[in-house]
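Have a look at the structure below, then the notes.
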There are 2 protein chains.
Amino acid sequence: MFSHIDIKGNMNLIILSVLSKNDKYGYEISKEIYTLTEQRIRLKEGSLYPALHRLEKQALIEGYWVEQEPGKPNRKYYRITEKGRSMIELEKQEWISFIKIMGRIICEGESTGI
Amino acid sequence: MFSHIDIKGNMNLIILSVLSKNDKYGYEISKEIYTLTEQRIRLKEGSLYPALHRLEKQALIEGYWVEQEPGKPNRKYYRITEKGRSMIELEKQEWISFIKIMGRIICEGESTGI
DNA sequence: GCTATATACCTTGACATTCTATATACAAAG
DNA sequence: CTTTGTATATAGAATGTCAAGGTATATAGC
């Protein structure tokens with residue numbers, strides 16, 4: 001039915017936004033995005049974990065391990081930093097600018113409802 | 001003042017949209033986009049020409065040379081094909097879906113006016 | 001016992017996209 | 001004579017994303 005949607009370089013903003021509400025672990029983030037987007041966006045592990053490490057290296061998020069009951073795999077939770085929150089605001093503004101510009105380019109005299 | 005904006009994988013839709021009005025040559029396309037976006041998006045040659053060749057290979061556009069007065073560099077004009085026009089419609093719909101999804105992710109209970 | 005599914009982390013290698021830099025060539029402006 | 005503008009093009013590097021695989025445990029079905 002619905003085809004997969006390309007996130008087009010917005011992974012950082014997506015992850016930071018999801019973490020801005022509360023701390024989450026990797027696997028939880030991917031499930032959250034999957035349901036939040038009505039199964040349209042599925043972050044694969046090969047994209048998600050490198051992205052989380054990248055964001056951590058930039059000090060936009062911080063990871064901390066939380067042990068689970070014996071036998072269950074431990075979880076690495078991530079919290080957003082103050083720097084990360086500033087980044088959200090910045091990237092959000094850029095995103096809004098960009099969709100306005102795109103609207104102008106692709107609509108050009110048409111009415112598409114954007 | 002304004003920083004450069006990343007076009008994040010939307011080059012194809014941008015070029016096709018610009019060509020949907022009338023035929024243009026490469027250099028003209030980049031200038032058109034530059035002014036249309038109030039100097040926010042500048043397609044570099046290293047991005048533009050490979051993209052045009054890519055689109056041509058996919059038969060979404062067709063190129064044809066137009067000779068200029070002697071001494072002036074010849075121009076390679078591009079026209080959009082029927083297949084290209086279908087692609088615009090498809091990518092436009094995908095884009096609209098995507099910005100709706102992004103809006104849901106990054107707004108989440110806020111009012112940002114998107 | 002075997003298989004599949006779910007949880008949870010991770011890395012490697014390939015591919016596509018985009019940029020920087022460079023190359024060619026001529027005209028006009030300073 | 002150097003720069004800017006017009007106009008094409010490619011090579012190399014960086015980045016981002018994905019497909020595929022790997023590790024490990026628990027549970028459910030056959």
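Below, read A as the first sequence line, B as the second, and so on, with proteins coming before strands; counting in each chain starts at 1.
- Transitive grouping of hydrophobic side chains (ILVMFWY, heavy atoms separated by less than 4.5 Å) keeps B:Y34 and A:I106 in distinct clusters.
- Classified by interplanar angle (parallel below 30°, tilted 30° to 60°, perpendicular above 60°), the ring pair B:W95/A:F98 is perpendicular.
- D:dA9 atom P lies 14 Å from atom OH of B:Y25, rounded to whole Å.
- Within the 4.0 angstrom heavy-atom criterion, only backbone atoms of the sugar-phosphate kind lie near A:K76; the bases stay farther away.
- In this structure, CD of A:Q68 is placed 16 Å from P of D:dT25, rounded to the nearest angstrom.
- Atoms CD (B:E45) and C1' (D:dT4) sit 14 Å apart, rounded to a whole Å.
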### Task
Under the salt bridge (Lys or Arg N to Asp or Glu O under 4.0 Å) rule, what do B:E38 and A:R104 come out as? Steps first, then yes or no, please.
CA-CA 11 Å; B:E38 283 151 16; A:R104 208 180 308 150; 3.6 Å; yes
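- The nearest whole Å value for the distance from the CG atom in A:N74 to the P atom in D:dT25 is 12 Å.
- Within the 4.0 Å cut-off from OP1 or OP2 of D:dT8, at least one side-chain nitrogen or oxygen of B:Y49 is found.
- Using a 4.0 Å heavy-atom distance criterion, B:N10 is classed as a sugar-phosphate-only contact.
- Among the atoms of the strands shown, only primed sugar atoms or phosphate atoms (P, OP1, OP2) are found under 4.0 Å from some heavy atom of B:G71.
- A pairwise comparison of heavy atoms in A:K76 and A:E56 identifies NZ-OE1, 3.7 Å as the closest pair.
- Rounded to whole angstrom, the span from the CD1 atom of A:I7 across to the C1' atom of C:dT17 amounts to 14 Å.
- When the P atom of D:dT15 is taken as reference, atom NZ of A:K57 falls 11 Å away, rounded to whole Å.
- Spacing between atom CD of A:E28 and atom P of C:dA6 amounts to 18 Å, rounded to whole angstrom units.
- For C:dT20, the OP1/OP2 oxygens have a side-chain nitrogen or oxygen of B:K44 closer than 4.0 Å.
- Linking Ile, Leu, Val, Met, Phe, Trp and Tyr whenever their side-chain heavy atoms come within less than 4.5 Å leaves B:W65 and B:L55 in two separate clusters.
- For B:R54, the side-chain atoms get nearest to C:dT17 when compared with the rest of C:dT17, D:dT17, C:dA8.
- Look at OH on B:Y78: it is 14 Å from P on D:dA7, rounded to the nearest Å.
- Comparing atom distances between the A:H53 side chain and each of C:dC10, C:dT18, D:dA9 picks out C:dC10 as nearest.
- Minimum atom distance to the side chain of B:P73 is reached by D:dT6, of the listed C:dA8, D:dT17, D:dT6.
- Nearest nucleotide to the B:S47 side chain, out of D:dC18, C:dC19, C:dT11: C:dC19.
- The distance from atom CG of A:N10 to atom CD1 of B:I101, rounded to the nearest 0.5 Å, is 12.0 Å.
- Checking D:dT8, C:dT18, C:dT11 against every side-chain atom of B:M11, the shortest atom distance belongs to C:dT18.
- Among the nucleotides C:dT17, C:dT11, D:dA7, the one closest to the side chain of B:Y27 is D:dA7.
- Between A:R75 and C:dC9 there is no side-chain N or O to OP1 or OP2 distance below 4.0 Å.
- Nucleic acid contact class of A:G9 (heavy atoms, under 4.0 Å, all strands): sugar-phosphate only.
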